[in-house]
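Numbering of residues begins at 1 and proceeds along the displayed sequence.
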Amino acid sequence: MRLGALGAVCAALILLCAPVGAAQLRQAAQIQFMHAMSTFACATFMNVGGRSAKHAPACFVAGSLLYSLPIYVAYAGGPAPSSICTLAGEVLLIGGWVVLIWSASSIDRISAPK
């Protein structure tokens, strides 16, 4: 949860400071922010019985780092983002959503009327 909060505040600061025309930079910050907030949703899933949701935050944090950090580095004057790094980040982000969806299915079974 602490990493999610840190990721959210960093993304918000980048969004606030990013030039209006820097579409790729702003998109990376928005993706990071969205997945940082999703880490908090995982706590709700876990509290209502979705035990496997505890694995999604790791996917969201790692995926955000692999996807967004190379874009931030490139805008700071570093090398262009590697397509393999970007792809790995995307796979991890989607993997986090798959884990969250999977954990929701166990919640639905618990709360369904009998």
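Ile31 and Leu25 fall within the same hydrophobic cluster, defined by Ile, Leu, Val, Met, Phe, Trp and Tyr side-chain heavy atoms under 4.5 Å apart, directly or through other members. If you chain together hydrophobic residues whose side chains sit under 4.5 Å apart, Val61 and Val99 never meet in one group. Taking hydrophobic clusters as Ile, Leu, Val, Met, Phe, Trp and Tyr residues chained together by side-chain heavy-atom distances below 4.5 Å, Leu69 shares a cluster with Ile71. Both Tyr67 and Tyr72 belong to a common hydrophobic cluster when Ile, Leu, Val, Met, Phe, Trp and Tyr are linked at side-chain heavy-atom distances under 4.5 angstrom. Under the 4.5 Å side-chain contact rule for hydrophobic residues, Phe40 and Phe33 share a cluster.
Between Ala36 and Ala8, the shortest heavy-atom distance links the atoms CB-N, 3.5 Å. Pro70 and Leu65 make their closest contact through CD-O, 3.4 Å (heavy atoms, listed as atom of the first residue, atom of the second, distance). Here the shortest heavy-atom pairing between Ala74 and Pro81 reads CB-CD, 3.8 Å. For the pair Ala53 and Met46, the tightest heavy-atom approach, listed with the atom from each and the gap, is CB-CG, 3.9 Å.
Here Lys54 contributes atom NZ and Ser103 contributes atom OG; the two are 11.5 Å apart, rounded to the nearest 0.5 Å. The CZ atom of Phe60 sits 13.5 Å away from atom CD of Gln32, with the distance rounded to the nearest 0.5 Å. With rounding to the nearest 0.5 angstrom, the OG atom of Ser68 is 7.5 Å from the CG atom of Leu93. Note: Glu90 CD to Leu92 CG = 10.5 Å, rounded to the nearest 0.5 Å.
Annotation: Ile84, atom CD1; neighbour count of heavy atoms from other residues, nucleotides and ligands within 6.0 Å does not exceed 12.
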